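Here's the structure we're looking at; comments come further down.
As the structure lists them, so they are numbered: ligands from 1, and atoms in each ligand from 1. Since this is a predicted model, take the numbers as computed values, not measurements.
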Amino acid sequence: MKKIIVAIDGYSSCGKSTIAKQLAAYSGYRYIDTGAMYRAVAYYAMQHNLTDDTQVIDALKSIHIDFERQSDGTQHTMLNGEDIERPIRTLEVGNRASQVSQIRQVREFLVEQQQAMGANKGIVMDGRDIGTVVFPQAELKLFLTASPEVRAQRRYKELQEKNGGKATISYEEVLHDVNDRDYRDTHRAESPLRQAEDAVVVDNSDLTEEGQLRLVCVLFNERMATL
Ligand code: DC
């Protein structure tokens with residue numbers, strides 16, 4: 001059967017990776033989390049105290065990113081052979097990732113690898129520029145949105161859960177962070193987040209996870225039927 005590329009873009013914390021993983025499982029496709037790749041570069045920069053852009057650009061030649069499939073079916077992000085899946089999920093690494101993602105050379109470095117990963121199609125890739133820059137020819141493009149308040153609430157809950165139910169940061173701080181990140185993602189000079197003209201917008205503010213998955217599977221099957 002013919003395989004396609006599914007590109008999922010959207011704001012931070014609007015559930016892109018959840019729906020991307022679910023659709024990958026449904027279709028039997030490979031899931032690729034491009035945010036994790038920017039986070040891996042950020043993590044490397046933080047570990048090596050690289051403060052300015054030229055240092056980060058120079059370090060790219062020493063950065064090798066991979067995804068390793070685990071026995072439970074999940075994928076872990078690997079940086080030079082080290083499993084960094086857990087430490088890259090913090091707010092601090094997310095913020096640094098948002099900064100390093102503004103560097104043109106970092107984007108070129110990662111986009112090239114992302115394009116190679118999709119060369120044989122059969123992938124669900126999520127990020128900010130997948131439908132516009134990485135795979136403008138993707139057969140199915142989804143643009144996910146949810147209100148900043150809904151996204152901040154979800155992120156707050158997630159951070160609480162990760163920390164054994166205790167909040168180390170207030171909801172207001174998380175909301176502030178969401179708004180900040182949105183601004184940076186949509187206003188940067190290099191490949192800013194924007195909706196591809198042919199993307200289907202999925203606003204999941206009022207959708208349950210199941211409802212969203214049903215909708216996305218319908219969109220996927222409809223697209224496959226046209227091939
Ligand atoms: O989706 P995420 O929160 O894991 O992404 C981390 C940062 O990386 C986010 O601030 C935006 C950036 N990013 C990007 O610029 N392009 C992508 N394709 C994916 C993520």
Considering only the protein, which heavy-atom contact is closest to atom 19 (C) of ligand 1, and what is its distance? T34 OG1, 3.4 Å
N/O to N/O below 3.5 Å, does that happen between Y38 and ligand 1? no
For the residue pair V106 and L60, establish whether any side-chain heavy-atom pair is separated by less than 4.5 Å. yes
Tell me, do T74 and E85 make a side-chain contact under 4.5 Å, heavy atoms counted? no
Can you find a heavy atom in the side chain of T77 that is under 4.5 Å from one in the side chain of I65? yes
Sub-3.5 Å donor-acceptor pair from the side chain of S205 to the main-chain atoms of S147, do we have one? yes
Is it the case that ligand 1 has an N or O less than 3.5 angstrom from some N or O of K16? no
Under a 3.5 Å distance rule, please check whether R223 uses its side chain to pair with a backbone N or O of E139 as donor and acceptor. yes
Numbered in order shown, the ligand 1 atoms found under 4.0 Å of a heavy atom of S101 are 12 (C), 15 (O)
So, 4.0 Å and heavy atoms of Q114: is ligand 1 close enough to count as a contact? no
Polar-atom distance check: D33 versus ligand 1, any N or O pair below 3.5 Å? no
With distance as the sole test, does N221 use its side chain to make a donor-acceptor pair with the main-chain N or O of C217 at under 3.5 Å? yes
Give me the atom names and distance for the closest heavy-atom approach of R128 to D185. NE-OD2, 3.1 Å
for atom 9 (C) of ligand 1, nearest protein heavy atom and its distance come out as R128 NH2, 3.4 Å
Region of D185 engaging ligand 1 - heavy atom pairs below 4.0 Å: side chain
Using heavy atoms and a threshold below 4.0 Å, how should the contact between R188 and ligand 1 be classified: side chain, backbone, both, or neither? side chain
Check ligand 1 against S98 and write out every atom of the ligand that is under 4.0 Å from a heavy-atom position of the residue. 10 (O)
Structural part of R181 in contact with ligand 1, heavy atom criterion under 4.0 angstrom: side chain
Assess whether salt bridge (Lys or Arg N to Asp or Glu O under 4.0 Å) is satisfied between R89 and E158, documenting all intermediate values. CA-CA 11 Å; R89 301 299 167 187; E158 214 175 86; over 6 Å; no
So the atoms of ligand 1 within less than 4.0 Å of a heavy atom of A97 turn out to be 6 (C), 7 (C)
The protein heavy atom nearest to atom 16 (N) of ligand 1 is R107 NH2, 3.0 Å
Sub-4.0 Å atoms of ligand 1 with respect to non-hydrogen atoms of R39: 2 (P), 3 (O), 4 (O), 6 (C)
Exceeds 12 heavy-atom contacts within 6.0 angstrom, atom CD of E112: no
